[in-house]
Amino acid sequence: SGTIRGLLRFWNVEDGSLVCEIDGQKDIKGGRKMNDRTTSDNNASSRYFTSIAYSADGTCLLAGGNSKYVCIYEISQQILLKKFQISFNRSLDGVLDELHS
């Protein structure tokens, strides 16, 4: 599961216990929307994951959200394998990340 603090949590489905956590808040941060009046560094809405998917073999997790980044994590070692930037200096709706005012 994903939290609004940018954590990815993995649960044991048999007893409901927490198996491990991956802190992805610094990995996912960045990006702003058209009506945001803050820079991407100060934007809390892009610091959590909204979509997660397991790899076919179950060893990796693909996670993305309201950010310009999509991350791949290796679950057993709890590490970031690769971070893809899907937009350069623009948010998902085409607005510049940096404010020049």
Side chain to side chain contact (heavy atoms under 4.5 Å, CB included) between Tyr73 and Leu81, worked out: CA-CA 5 Å; Tyr73 294 96; Leu81 291 179; over 6 Å; no
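Ile52 and Leu7 end up in different hydrophobic clusters when Ile, Leu, Val, Met, Phe, Trp and Tyr side chains are linked at under 4.5 Å. Leu18 and Leu61 fall into different hydrophobic clusters, defined by Ile, Leu, Val, Met, Phe, Trp and Tyr side-chain heavy atoms under 4.5 Å apart, directly or through other members.
Contact record, Trp11 with Gly16: CE3-O, 3.5 Å, taken as the closest heavy-atom pair. Here the closest non-hydrogen pair linking Gly6 and Phe49 is O-CE1, 3.8 Å. Minimum heavy-atom separation, Gly65 to Thr50: CA-OG1, 3.2 Å. Closest approach of Asn12 and Val19 over heavy atoms only: N-CG2, 3.4 Å.
Cluster partners of Val13 are absent, since no Ile, Leu, Val, Met, Phe, Trp or Tyr has side-chain heavy atoms less than 4.5 Å from it.
With a 6.0 Å radius and a threshold of 12 heavy atoms from other residues, nucleotides or ligands, Lys82 has its NZ atom at or below the threshold.
Rounding to the nearest 0.5 Å places CZ of Phe10 at 14.0 Å from OG of Ser17. Separation of atoms CG (Leu80) and CD1 (Ile22) is listed at 9.0 Å; rounding is to 0.5 Å. Interatomic distance, Cys20 SG to Ile75 CD1, rounded to the nearest 0.5 Å: 7.5 Å. Separation of atoms NZ (Lys83) and CG (Asp27) is listed at 5.5 Å; rounding is to 0.5 Å.
Looking at Glu74, its side chain does come within 3.5 Å of a backbone N or O of Ser76 through a donor-acceptor pair.
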